[in-house]
*Asks:* 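Sharing a structure here in structure tokens format.
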Amino acid sequence: MKEKQMQDILRQDIQVSEVVNQRLCDTYKILERKQEASGKRKSYGKNLRAAAVAAVVCLAVPSMVYASVKTGLFEGMFGNSTKESWDVIHKEVDNGKGGKTPIDIPSKEFVPVDEEKADKQLGQWVMDEPIVKQLGEHTLTIESFVYDSSGAVMYYTLGRKGGVTALEANEDTNVAKGAMFTDDVDFRFSVECGEREDAGFIFAGDNTYVDMEKSTEELFYCTSYMLWSDTLKEGDIPKLVIQKYPDTLEEIYKLAPDTTNMSKEEAGDEALWKEYEEAMAKVQTETIDLSDKGQVPVKKIDMGAKGCLAYSPITIRVDMSKGMGLSKDEAQDPYHMKHLEIKYRDGSSYIVSDSEDLIENSGYVLGAGVWYKTVFNRLVDTDEVAEIIVNDVSFPVE
């Protein structure tokens with residue numbers, strides 16, 4: 001590019017959308033943190049629209065390549081610049097009988113992500129444009145979504161002026177079961193694939209990690225690690241399902257008679273049932289296709305009766321009924337996964353989980369029939385995998 005052409009570009013009034021501008025902000029924050037970590041902090045300019053122009057004329061500079069619509073999303077989904085690892089946590093919880101029960105929370109480690117490599121591995125399967133929905137006073141923005149036949153990862157923000165009230169999220173929820181919807185909002189959202197004749201209703205179980213360093217009271221940055229209740233087939237399309245209720249969830253729940261240990265008829269109170277059913281009939285449901293990119297391909301290792309598994313850069317599923325010495329009933333219990341490790345060709349390894357050493361480096365775990373499923377909390381380079389160890393069974397990659 002000639003000098004005059006560069007000058008002409010720099011003189012232009014470049015218009016950058018707010019979405020791209022925010023992503024540029026996120027990228028520069030990531031770059032600043034990386035500079036701080038290396039002891040070579042630089043002062044990045046605050047005028048990010050001008051930075052976008054610089055990206056046009058500096059395409060050969062690696063740090064600028066990711067000033068794009070996917071900027072910062074791989075870091076948010078898989079990186080560790082703002083996610084905190086933790087060691088094994090020993091604590092006591094109320095046992096409901098006036099005493100305490102000791103529990104051990106496994107350690108978890110988040111690791112850096114190579115964004116260039118992530119783009120090569122997943123870029124073509126990541127949604128191109130964000131989905132923005134107004135949910136009362138809250139604004140939901142699905143920033144990124146990628147999935148395979150076992151599970152998915154969704155990166156989103158949830159914002160509300162005056163403070164987010166829809167999610168209960170803090171350091172404790174991050175190390176426990178993830179962020180949860182509160183009862184004082186009148187909506188919920190989830191991800192599902194709908195009905196399939198051979199599988200029934202397919203939904204996503206999930207664990208939502210809220211980035212407490214990056215988030216503010218008015219804007220939560222969330223990573224939802226998901227696993228499907230059944231293995232997807234080609235043509236199964238993940239959908240964002242939004243349900244808007246006529247009242248807060250707390251008020252709706254009050255209307256429902258307790259049927260914990262009885263049928264609807266035994267519970268009685270027909271007037272209350274009618275009021276509850278009338279309220280539920282007013283629920284508005286909106287369904288939105290999350291992606292038209294298709295599934296990230298999985299690689300399979302099938303050793304017949306000796307074992308079977310399938311893995312991708314984001315998930316793994318293992319048939320626990322083969323090669324593990326387990327009965328069919330035992331195979332359905334995730335408890336019987338004692339050790340899961342991915343060994344790479346360079347001699348390094350990723351210990352996904354180990355029950356003896358109390359390690360759980362996953363985003364979410366689900367037992368679905370005889371399948372043990374895990375969505376990773378980091379990207380796996382499937383081209384570099386040499387061997388996968390499940391309990392005492394070796395799955396060599398040929």
*Asks:* Under the salt bridge (Lys or Arg N to Asp or Glu O under 4.0 Å) rule, what do Lys133 and Glu286 come out as? Steps first, then yes or no, please.
*Replies:* CA-CA 10 Å; Lys133 300 300 297 183; Glu286 182 178 7; 2.7 Å; yes
*Asks:* Do you know which two heavy atoms are closest between Gly325 and Glu330, and how far apart they sit?
*Replies:*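 Scanning both residues completely, I find the closest heavy atoms to be O-OE1, 4.3 Å.
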*Asks:* Kindly state whether the ring of Tyr225 and the ring of Phe376 have centres lying under 6.0 angstrom apart.
*Replies:* no
*Asks:* Quick one: NZ on Lys120 to CG on Asp383, what's the gap to the nearest 0.5 Å?
*Replies:*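 So the NZ of Lys120 and the CG of Asp383 are separated by 11.0 Å.
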*Asks:* Write down the atom of Met320, the atom of Val390, and the distance for their closest heavy-atom approach.
*Replies:*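 In terms of heavy atoms, the two residues are closest at SD-CG1, 4.4 Å.
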*Asks:* Are side-chain heavy atoms of Ile342 and Ile389 found at a separation under 4.5 Å?
*Replies:* no
*Asks:* Could you give the distance from CE (Met154) to CD (Glu143), rounded to the nearest 0.5 Å?
*Replies:* 11.5 Å
*Asks:* Checking side-chain polar atoms at under 3.5 Å, does Ser321 have a donor or acceptor matched by the opposite partner on Asp319?
*Replies:* yes
*Asks:* Just checking, any donor-acceptor pair under 3.5 angstrom between side chains of Asp206 and Ser224?
*Replies:* yes
*Asks:* Using side-chain contact (heavy atoms from CB on, under 4.5 Å), reason through Val380 and Tyr344 one step at a time and then give a plain yes or no.
*Replies:* CA-CA 10 Å; Val380 167; Tyr344 294 104; 3.7 Å; yes
*Asks:* I want to check something: taking the side chain as every heavy atom from C-beta on, are Val126 and Phe74 in contact at a cut-off of under 4.5 Å?
*Replies:*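 In short, these two side chains touch, coming nearer than 4.5 Å.
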*Asks:* For Met226 and Tyr364: C-alpha separation, side-chain torsions, deciding distance, then whether side-chain contact (heavy atoms from CB on, under 4.5 Å) applies.
*Replies:* CA-CA 7 Å; Met226 303 178 176; Tyr364 184 56; over 6 Å; no
*Asks:* Is the closest basic N to carboxylate O distance between Lys91 and Asp104 below 4.0 Å?
*Replies:* no
*Asks:* For the residue pair Thr374 / Arg317, report whether a side-chain donor-acceptor contact shorter than 3.5 Å exists.
*Replies:* no
*Asks:* With no hydrogens and no angle check, is any side-chain donor or acceptor of Asp148 less than 3.5 Å from a backbone partner on Ser150?
*Replies:*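 Yes; at least one donor-acceptor contact below 3.5 Å.
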*Asks:* Is His138 reaching over with its side chain to a backbone N or O of Ala166, donor-acceptor style, under 3.5 angstrom?
*Replies:*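 A pair under 3.5 Å: yes.
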*Asks:* I want to check something: taking the side chain as every heavy atom from C-beta on, are Pro313 and Thr382 in contact at a cut-off of under 4.5 Å?
*Replies:*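 Result yes, sub-4.5 Å side-chain heavy-atom pair found.
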*Asks:* Say whether, by atom type as modelled, one donor and one acceptor occur between the side chain of Lys239 and the main chain of Glu192 under 3.5 angstrom.
*Replies:*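 Here the side-chain-to-backbone pair does not exist.
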*Asks:* Charged N to carboxylate O below 4.0 Å: is that the case for Asp94 and Lys100?
*Replies:*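 No.
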*Asks:* Closer than 3.5 angstrom, by distance alone: can the side chain of Asn80 be matched with the main-chain N or O of Lys83 as a donor-acceptor pair?
*Replies:*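 No, the answer is negative, given that no donor and acceptor are paired below the 3.5 Å cut-off.
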*Asks:* Is a salt bridge present between Asp186 and Lys244, judged by a nitrogen-to-oxygen distance below 4.0 Å?
*Replies:*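 Looking at Asp186 and Lys244, the cut-off is not met.
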*Asks:* To the nearest 0.5 Å, what is the distance between CD1 (Ile351) and OG (Ser362)?
*Replies:*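 Answer for the CD1-OG pair, Ile351 versus Ser362, is 13.0 Å.
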*Asks:* Please confirm whether the ring centroid of Tyr311 lies under 6.0 Å from the ring centroid of Phe395.
*Replies:* no
*Asks:* Is the Lys NZ or Arg CZ of Lys214 less than 6.0 Å from the centre of Tyr221's six-membered ring, within 45° of the axis?
*Replies:* yes
*Asks:* CG/Asp87 to CD1/Ile105 distance, rounded to the nearest 0.5 angstrom?
*Replies:* 12.5 Å
*Asks:* Minimum heavy-atom separation for Tyr155 and Met77, please, with both atom names.
*Replies:*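 Minimum heavy-atom separation between Tyr155 and Met77: CB-CG, 3.5 Å.
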*Asks:* How far apart are the C-alpha atoms of Asp354 and Lys338, what are their side-chain angles, what is the distance that settles it, and do they pass the salt bridge (Lys or Arg N to Asp or Glu O under 4.0 Å) test?
*Replies:* CA-CA 6 Å; Asp354 187 288; Lys338 302 299 183 182; over 6 Å; no
*Asks:* Just by modelled atom types, is the Phe110 backbone N or O under 3.5 Å from a matching donor or acceptor in the Ser85 side chain?
*Replies:* yes
*Asks:* Answer whether the closest heavy-atom distance between the side chains of Val375 and Asn207 falls below 4.5 Å.
*Replies:*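 No, every pair of side-chain atoms sits at 4.5 Å or beyond.
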*Asks:* Ignoring hydrogens, what is the shortest heavy-atom contact between Gln295 and Tyr147? Give both atom names and the distance.
*Replies:*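 So the minimum-distance heavy-atom pair works out to CG-CE1, 3.3 Å.
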*Asks:* Treat each ILVMFWY residue as a node, draw an edge where side-chain heavy atoms are under 4.5 Å apart, and state whether Leu326 and Leu366 are in one component.
*Replies:*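 Leu326 does not cluster with Leu366.
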*Asks:* Quick one: pull up CD in Glu213 and OG in Ser81 and give me the separation to the nearest 0.5 Å.
*Replies:*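 The CD atom of Glu213 sits 7.5 Å away from the OG atom of Ser81.
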*Asks:* Do you reckon Val113 sits in the same ILVMFWY cluster as Val296, going by side-chain contacts under 4.5 Å, direct or chained?
*Replies:*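 Yes, same cluster.
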*Asks:* When you compare the side chains of His339 and Asn391, does any donor N or O come within less than 3.5 Å of an acceptor on the partner?
*Replies:*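 No donor-acceptor contact under 3.5 Å links the two side chains.
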*Asks:* Any side-chain heavy atom of Trp228 sitting closer than 4.5 Å to one from Cys193?
*Replies:* yes
*Asks:* Atom CD of residue position Glu356 - does it have more than 12 heavy atoms of other residues, nucleotides or ligands inside 6.0 Å?
*Replies:*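 At most 12 heavy atoms, drawn from other residues, nucleotides or ligands, come within 6.0 Å of this atom.
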*Asks:* Please round to the nearest 0.5 Å and tell me the distance separating atom CG of Asp302 and atom SG of Cys308.
*Replies:*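 Answer for the CG-SG pair, Asp302 versus Cys308, is 4.0 Å.
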*Asks:* Closer than 3.5 angstrom, by distance alone: can the side chain of Asn361 be matched with the main-chain N or O of Tyr350 as a donor-acceptor pair?
*Replies:*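 Flag not set: sc Asn361 to bb Tyr350 has no pair under 3.5 Å.
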*Asks:* Ignoring hydrogens and geometry, is there a side-chain-to-backbone donor-acceptor pair from Thr173 to Met180 under 3.5 Å?
*Replies:* no
*Asks:* Is there a side-chain contact between Thr139 and Val132 (heavy atoms, below 4.5 Å)?
*Replies:* yes
*Asks:* Is there side-chain contact between Arg188 and Tyr245, with heavy atoms separated by less than 4.5 Å?
*Replies:*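 Arg188 vs Tyr245: side chains touch.
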*Asks:* If you take all heavy atoms of Leu167 and Thr182, which pair is closest and at what distance?
*Replies:*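 Distance-wise, the nearest heavy atoms are C-CG2, 3.9 Å.
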*Asks:* Keeping the roles fixed (side chain from Ser291, backbone from Lys293), state whether a donor-acceptor pair exists under 3.5 Å.
*Replies:*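 Yes; at least one donor-acceptor contact below 3.5 Å.
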*Asks:* Between Ile316 and Leu340, is the side-chain contact (heavy atoms from CB on, under 4.5 Å) condition met? List the steps.
*Replies:* CA-CA 10 Å; Ile316 187 170; Leu340 177 59; 3.9 Å; yes
*Asks:* State yes or no: are the ring centers of Tyr156 and Phe189 separated by less than 6.0 Å?
*Replies:*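 Ring centroids of Tyr156 and Phe189 are less than 6.0 Å from each other.
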*Asks:* I want to check something: taking the side chain as every heavy atom from C-beta on, are Trp86 and Val175 in contact at a cut-off of under 4.5 Å?
*Replies:* yes
*Asks:* Under the 3.5 angstrom rule, does the side chain of Ser144 hit a backbone N or O of Leu73 as a donor-acceptor pair?
*Replies:* no
*Asks:* Let's go through Ile242 and Leu240 carefully: what are the C-alpha distance in whole Å and the side-chain angles of both, what is the deciding distance for side-chain contact (heavy atoms from CB on, under 4.5 Å) to 0.1 Å, and is it a yes or a no?
*Replies:* CA-CA 6 Å; Ile242 299 171; Leu240 176 70; 4.1 Å; yes
*Asks:* Donor-acceptor pair, distance only, cut-off 3.5 Å: does the side chain of Lys108 make one with the backbone of Val88?
*Replies:*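 Not confirmed, Lys108 side chain does not pair with Val88 backbone.
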*Asks:* Applying the 4.5 Å side-chain criterion to the ILVMFWY set and letting contacts propagate, would Ile388 and Trp371 be lumped into a single cluster?
*Replies:* no
*Asks:* Give me the atom names and distance for the closest heavy-atom approach of Met337 to Ser353.
*Replies:* CG-OG, 4.1 Å
